Amino acid sequence: VLGGGAPGQHDLGKVHIAYLIALSATEVTLGQYRAFLKATRSGNLKRFSDGDDKLPVAGVSWDEAEAYVTWLSRESGQHYRLPSASEWEYAARAGTSTLYSWGDKVGEGSANCLNCGGKADGSIMPVASFKPNPWGLYDMHGNVWEWTKDCMDPNAAPPANGMPKLFGNCESRELRGGSAESDAWSIRAGGRASALRNQKMSDVGFRVVRVVLE
């Protein structure tokens, strides 16, 4: 299921996204990732043999996420990839300019993060357990960190057209969104972190983007 993005301006510097994008409405689930592992006869299937299909897949490296989108593109005949950090933030803000898509205070029970109240206790929950943002996208704040396509370069601005930043330290890739183990400040729309592309962390997953041809 895809949530639609639209061309426009967002609040990450002076980046202008002048093309249509479709971002997956949820993080890629464990069930979806298992389907990929089965289809490709991957030896990694045993690593993901347990758990609810509706949980977001977590513990995948950036390279493994890239392998998934390559397979998805081939199987669907569409071009999928990891979102750029600019695309991700544009979608997370969903037309807002506040710290979170619902306002400047995290409140209680709005997202799955540490000490954020509600139905979560700091552990990863099935996707879409919380209300979506105004564009129908779930868990843009919290649950699992999400890989983006961008290389890390803290001294350079992202491309002005919203596309991925493919320069700088490309052994390290940008993470967005925070996780169930993150505090409220880390899950804000503008929050970011990074990790080595081959790292597998228990609270890191991903979602996919598709460029929509007009």
Side-chain angles (χ1 to χ4, degrees), residues 1-5 19-88 91-92 112 123-129 136-140 142-152 163-167 169-181 193-213:
V1 179
L2 296 178
Y19 50 89
L20 293 172
I21 59 172
L23 193 74
S24 53
T26 70
E27 297 147 338
V28 171
T29 66
L30 189 51
Q32 290 168 329
Y33 195 72
R34 282 188 186 126
F36 152 67
L37 295 176
K38 290 176 181 176
T40 56
R41 299 181 181 178
S42 173
N44 282 334
L45 184 59
K46 59 186 178 182
R47 279 177 50 208
F48 299 94
S49 59
D50 298 324
D52 184 342
D53 277 354
K54 293 182 180 179
L55 287 169
V57 67
V60 293
S61 68
W62 183 90
D63 291 309
E64 289 172 334
E66 280 282 293
Y68 176 87
V69 294
T70 298
W71 168 80
L72 183 61
S73 297
R74 185 178 67 246
E75 290 296 303
S76 67
Q78 304 284 341
H79 177 61
Y80 287 91
R81 59 173 169 78
L82 294 176
S84 72
S86 296
E87 291 165 344
W88 190 97
N112 187 10
S123 58
I124 295 171
M125 297 190 66
V127 298
S129 292
L137 305 174
Y138 294 88
D139 301 313
M140 297 300 289
N143 213 25
V144 294
W145 284 99
E146 299 177 17
W147 288 113
T148 71
K149 187 80 171 174
D150 287 41
C151 304
M152 283 303 298
M163 295 299 287
K165 182 167 59 176
L166 301 179
F167 53 86
N169 179 13
C170 289
E171 287 304 303
S172 184
R173 300 287 174 150
E174 190 163 325
L175 294 163
R176 288 302 194 108
S179 78
E181 300 174 15
S194 65
L196 295 175
R197 59 187 291 171
N198 62 356
Q199 279 187 269
K200 302 180 179 90
M201 292 162 286
S202 61
D203 64 339
V204 174
F206 65 101
R207 71 179 74 216
V208 300
V209 71
R210 176 170 60 87
V211 176
V212 180
L213 299 178

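The analysis underlying the following values was restricted to heavy atoms, covering all of them including side chains, and did not include hydrogens, waters or symmetry mates. All figures in this text were calculated on a predicted structure; none of them were measured in a lab.
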Taking the side chain as everything from C-beta on, heavy atoms only, tell me whether [X] gets closer than 4.5 Å to [Y].
| X | Y | answer |
| --- | --- | --- |
| P164 | R81 | yes |
| M163 | Y19 | yes |
| V209 | W88 | no |

Looking at residues at least two apart in the chain, or sitting in another chain, which of them share a salt bridge (Lys or Arg N to Asp or Glu O under 4.0 Å) with E181? none
Just jot down the salt bridge (Lys or Arg N to Asp or Glu O under 4.0 Å) partners of K165, sequence neighbours excluded, or say none.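 Result, salt bridge (Lys or Arg N to Asp or Glu O under 4.0 Å) vs K165: none returned.
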[X] [atom1] to [Y] [atom2] distance, which is reported to the nearest 0.5 Å:
| X | Y | atom1 | atom2 | answer |
| --- | --- | --- | --- | --- |
| I124 | S129 | CD1 | OG | 11.5 Å |
| T148 | E174 | OG1 | CD | 5.0 Å |
| L137 | E27 | CG | CD | 11.0 Å |
| S61 | N44 | OG | CG | 8.5 Å |
| R34 | S42 | CZ | OG | 13.0 Å |
| M125 | N112 | CE | CG | 6.5 Å |

Which heavy atom of [X] sits nearest a heavy atom of [Y], and at what distance?
| X | Y | result |
| --- | --- | --- |
| G205 | V60 | CA-CG2, 4.3 Å |
| C151 | F167 | CB-O, 3.2 Å |
| A85 | D150 | N-OD1, 3.0 Å |
| G59 | R47 | O-NH2, 2.7 Å |
| A65 | W147 | CB-CD1, 4.3 Å |
| A91 | L23 | CB-CD2, 3.6 Å |

If you count every heavy atom of other residues, nucleotides or ligands that lies below 6.0 Å from R74 atom CZ, does the total exceed 12?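 Yes.
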The side-chain contact (heavy atoms from CB on, under 4.5 Å) partners of S194 (sequence neighbours excluded) come to M152, S172
Applying side-chain contact (heavy atoms from CB on, under 4.5 Å), can you list everything that pairs with A35, at least two apart in sequence or on another chain?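 Once residues adjacent in sequence are excluded, A35 has no partner under the side-chain contact (heavy atoms from CB on, under 4.5 Å) criterion.
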Before giving the answer on side chain to side chain contact (heavy atoms under 4.5 Å, CB included), spell out for L82 and R173 the whole-Å C-alpha distance, their side-chain angles and the decisive distance to 0.1 Å. CA-CA 11 Å; L82 294 176; R173 300 287 174 150; over 6 Å; no
Residues forming a ring pair (Phe, Tyr, Trp, His ring centres under 6.0 Å) with F36, sequence neighbours excluded: Y33, Y68, W71
Sequence neighbours excluded - side chain to side chain donor-acceptor pair (under 3.5 Å) pairs with any residue from residues 196-209: D63-R197, E146-R207, S179-D203
Short side-chain donor-acceptor distance under 3.5 Å, E75 and Y80: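 Y80 vs E75: no donor-acceptor pair found between side chains.
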Test side chain to side chain contact (heavy atoms under 4.5 Å, CB included) on W62 and V204 and set out the steps. CA-CA 9 Å; W62 183 90; V204 174; over 6 Å; no
